[in-house]
> 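Take a look at the following structure, please.
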Amino acid sequence: RAGEPLEAVTTSSLEALRMYVQAEQLFDEGDLLGSVALLEDAVARDPTFAMAWRKLAVIYSNIGGEADAVRRASTSAYEHRDRLTERERYLAEAYYHDNVTLDLEARADAYRRVLEIQPDDATALNNLAIHYGDRGDWDRAADLYVRAIEGPGRTRNSFNNLGIALYNGGDPEASLATLRQGFELYPLDGDMRAREIRLLWGLG
């Protein structure tokens, strides 16, 4: 039907897929706890739903959940990667390396492989940019965030993180403009508004 496209993920349960799509929508709107509840229901219906496990690991980490919960969810996604498409498998492997093996170069390589398959993949663009930002390469990080924002997979995280990259790269005015543009699109994102306020304070 006309409307938002379905996520390209692999599950044996149509109901679990519906829950995953709804969880993604809530996540993009900033309702992380609502997203977690739907994803937990999704993996209860299909315990082999690797991408739902991966998303759970991401959100557990974002909300400051227990490290063991993040590792368990990451491991569940990794253990079921044989059921995944090539793109999904690399995403699951990347997050597993991020949280379990702590092999950050293997993580980055997995995201690069995703972009070889799908150059506008929002997750790979965002997370590879985070990898470069962690190393202080803010220009390369900003380039990837811009690609994410200008592509079909634009998310609120892309705006938040581009704002950070531009600020750390020495361009606070561009950072402020990015955050304001993002807040117009995602008015429920309190983190983005708080970051804008801190930046305004810092600029006097």
Side-chain angles (χ1 to χ4, degrees), residues 4 22-40 54-71 73-74 91 94-95 97-99 102 104-105 107-108 111-112 114-115 120-204:
E4 292 298 315
Q22 291 168 8
E24 284 276 20
Q25 292 169 346
L26 291 181
F27 177 82
D28 204 36
E29 293 168 1
D31 184 357
L32 303 189
L33 295 181
S35 183
V36 164
L38 282 167
L39 290 167
E40 288 176 342
R54 180 196 171 279
K55 192 68 174 183
L56 267 176
V58 171
I59 303 177
Y60 286 155
S61 178
N62 286 356
I63 63 177
E66 294 183 0
D68 283 347
V70 177
R71 285 193 291 267
S74 299
L91 289 175
Y95 215 69
H97 290 307
D98 197 12
N99 293 285
L102 305 183
L104 302 188
E105 288 305 320
R107 173 192 68 176
Y111 287 132
R112 292 186 190 102
V114 173
L115 294 175
D120 58 0
D121 187 273
T123 299
L125 287 169
N126 185 76
N127 292 358
L128 185 58
I130 290 172
H131 173 82
Y132 289 129
D134 288 344
R135 282 149 181 74
D137 191 346
W138 296 111
D139 289 341
R140 186 177 291 184
D143 287 343
L144 289 170
Y145 291 132
V146 169
R147 279 176 57 186
I149 286 173
E150 293 178 348
R154 180 180 64 196
T155 67
R156 64 186 180 86
N157 278 343
S158 302
F159 284 96
N160 263 317
N161 293 339
L162 177 58
I164 294 170
L166 290 170
Y167 179 82
N168 288 328
D171 194 345
E173 295 294 342
S175 174
L176 184 60
T178 296
L179 293 172
R180 286 176 168 169
Q181 180 187 3
F183 196 75
E184 288 180 3
L185 294 168
Y186 304 100
L188 297 180
D189 192 325
D191 287 341
M192 200 178 312
R193 179 61 90 193
R195 188 166 288 117
E196 178 189 356
I197 291 169
R198 290 195 297 272
L199 181 54
L200 285 168
W201 179 270
L203 292 172

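Note that the coordinates shown come from a computational prediction; the quantities given were computed from them, not determined experimentally. By convention here, the first residue in the shown sequence is residue 1.
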> Not counting sequence neighbours, which residues clear side-chain contact (heavy atoms from CB on, under 4.5 Å) with Thr178? List them please.
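With sequence neighbours excluded, Thr178 shows a side-chain contact (heavy atoms from CB on, under 4.5 Å) to Phe159, Leu162, Leu166, given in chain and number order.
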> Taking salt bridge (Lys or Arg N to Asp or Glu O under 4.0 Å) as the definition, give me every residue that meets it alongside Arg180, ordered by chain and number, with sequence neighbours left out.
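Expected list: Glu196.
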> How many angstroms lie between atom CG of Leu56 and atom CG of Leu39, to the nearest 0.5 angstrom?
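Reported value, rounded in 0.5 Å steps: 4.5 Å.
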> Tell me every residue that passes salt bridge (Lys or Arg N to Asp or Glu O under 4.0 Å) with Arg147, counting only those two or more places apart in sequence or in another chain.
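For Arg147 there are no salt bridge (Lys or Arg N to Asp or Glu O under 4.0 Å) partners, ignoring immediate neighbours.
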> Using 0.5 Å steps for rounding, measure from the CG atom of Leu115 to the CG atom of Leu144.
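So the CG of Leu115 and the CG of Leu144 are separated by 7.0 Å.
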> Does Thr155 have any side-chain hydrogen bond (donor to acceptor under 3.5 Å, both in side chains) partners at least two apart in sequence or in another chain, and if so, which?
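Only Ser158 meet the side-chain hydrogen bond (donor to acceptor under 3.5 Å, both in side chains) criterion with Thr155.
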> Ignoring hydrogens, what is the shortest heavy-atom contact between Ala57 and Tyr95? Give both atom names and the distance.
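For Ala57 versus Tyr95, the nearest heavy atoms are CB-CE2, 3.5 Å.
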> Tell me, please, which residues at least two apart from Arg107 pass salt bridge (Lys or Arg N to Asp or Glu O under 4.0 Å).
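Applying salt bridge (Lys or Arg N to Asp or Glu O under 4.0 Å) to Arg107 gives Asp98.
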> Quick one: does NZ or CZ of Arg198 land under 6.0 Å from the six-membered ring centre of Tyr167, within 45 degrees of the ring axis?
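No, cation not above the ring by the 6.0 Å, 45° rule.
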> Only pairs at least two apart or in different chains count here, so list each side-chain hydrogen bond (donor to acceptor under 3.5 Å, both in side chains) that has a residue in residues 55-64.
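Of all non-adjacent pairs touching residues 55-64, those that pass side-chain hydrogen bond (donor to acceptor under 3.5 Å, both in side chains) are Glu24-Lys55, Glu40-Tyr60.
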> State which residues pass side-chain hydrogen bond (donor to acceptor under 3.5 Å, both in side chains) with Tyr145; sequence neighbours excluded, sorted by chain then number.
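With neighbours one apart ignored, the set is empty.
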> Taking only residues two or more places apart in sequence or in another chain, which ones pass side-chain hydrogen bond (donor to acceptor under 3.5 Å, both in side chains) with Gln22?
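Residues passing side-chain hydrogen bond (donor to acceptor under 3.5 Å, both in side chains) with Gln22: none at all.
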> Rounded to the nearest 0.5 Å, what's the gap from CG on Asp143 to CG on Leu125? Could you check?
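Taking CG in Asp143 and CG in Leu125, the distance rounds to 11.0 Å.
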> Considering non-hydrogen atoms only, spot the tightest contact between Ser175 and Leu199 and give its length.
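So the two residues come closest at OG-CD2, 3.5 Å.
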> Considering only NZ, NE, NH1 and NH2 on the basic side and carboxylate oxygens on the acidic side, decide whether Arg71 and Asp68 come within less than 4.0 Å.
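Yes, charged N to carboxylate O under 4.0 Å.
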> Report yes if some heavy atom in the side chain of Val70 is under 4.5 Å from a heavy atom in the side chain of Ser74; otherwise report no.
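In contact.
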> Step by step, work out the side chain to side chain contact (heavy atoms under 4.5 Å, CB included) result for Arg154 and Tyr186.
CA-CA 11 Å; Arg154 180 180 64 196; Tyr186 304 100; 4.1 Å; yes
> By side-chain contact (heavy atoms from CB on, under 4.5 Å), which residues pair with Thr123, not counting sequence neighbours?
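Counting only residues at least two positions away or on another chain, Thr123 forms a side-chain contact (heavy atoms from CB on, under 4.5 Å) with Arg54, Leu91, Asp121, Asn127.
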> How would you list, by chain and number, every residue that makes a side-chain hydrogen bond (donor to acceptor under 3.5 Å, both in side chains) with Asn160, sequence neighbours excluded?
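Asp189, Arg195.
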> Starting at CG of Asn157, measure out to CG of Asp191 and round the result to the nearest 0.5 Å.
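Answer rounded to 0.5 Å: 9.0 Å.
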> Could you grab the distance from atom CG of Leu104 to atom NE2 of His97, nearest 0.5 Å is fine?
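Between atom CG of Leu104 and atom NE2 of His97 there are 10.5 Å.
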> Who pairs with Glu105 by salt bridge (Lys or Arg N to Asp or Glu O under 4.0 Å), at least two apart in sequence or on another chain?
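So Glu105 forms a salt bridge (Lys or Arg N to Asp or Glu O under 4.0 Å) with Arg135.
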> Show me the donor-acceptor pairs within less than 3.5 Å that the side chains of residues 30-38 make with the rest of the protein, sequence neighbours left out.
from: Asp31; atom 1: OD1; to: Gly34; atom 2: N; distance (Å): 2.9
from: Ser35; atom 1: OG; to: Ala23; atom 2: O; distance (Å): 2.9

> Using side-chain heavy atoms (C-beta onward) and a distance below 4.5 Å, is Leu203 in contact with Glu173?
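They are in side-chain contact.
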> Does Arg156 reach the main-chain N or O of Phe27 with its side chain, forming a donor-acceptor pair under 3.5 Å?
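Side chain of Arg156 to backbone of Phe27, a donor-acceptor pair under 3.5 Å: yes, one is there.
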> Restricting to non-hydrogen atoms, name the atom on Pro152 and the atom on Asp120 that form the minimum distance, rounded to 0.1 Å.
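Scanning both residues completely, I find the closest heavy atoms to be CG-OD2, 3.0 Å.
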